[in-house]
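Note that the numbering runs from 1 along the sequence shown for the chain.
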Amino acid sequence: MSNGLVGFIAMVAGMSGGATASDLTSKVVTTFNMFAFVVPEILMLLAALIFASKFKNKLSKEN
């Protein structure tokens, strides 16, 4: 699954076909980094906040 995700991100960033390291612009690298690192971090933080709010509500109701 992770290989498929990295492949998809590389295609979105424009790293497909016969692209070599010298073909990669800073925009392509930034796009790849955003999709591969920043977006998952934001989604994990959002998931943690949702989980914490649900868990806090459940604890409040039990007491």
> Going hydrophobic residue to hydrophobic residue with side-chain gaps under 4.5 angstrom, can you get from Val28 over to Met34?
Replying inline: no

> Got Val39 and Leu43 here, is their nearest side-chain heavy-atom distance under 4.5 Å?
Replying inline: yes

>> Do Leu24 and Ile9 sit in one hydrophobic cluster, given that two such residues count as connected whenever their side-chain heavy atoms are within less than 4.5 Å of each other, even indirectly?
In response: yes

> Between atom OG1 of Thr25 and atom CE of Met15, what is the distance when rounded to the nearest 0.5 Å?
Replying inline: 8.5 Å

> How far apart are the C-alpha atoms of Asn33 and Thr30, what are their side-chain angles, what is the distance that settles it, and do they pass the side-chain hydrogen bond (donor to acceptor under 3.5 Å, both in side chains) test?
Replying inline: CA-CA 5 Å; Asn33 286 335; Thr30 302; 5.8 Å; no

> Between Val29 and Val12, is there a shared hydrophobic cluster once you connect ILVMFWY residues whose side-chain heavy atoms come closer than 4.5 Å?
Replying inline: yes

> For Phe35, does the CZ atom sit with more than 12 other heavy atoms under 6.0 Å from it, leaving out its own atoms?
Replying inline: no

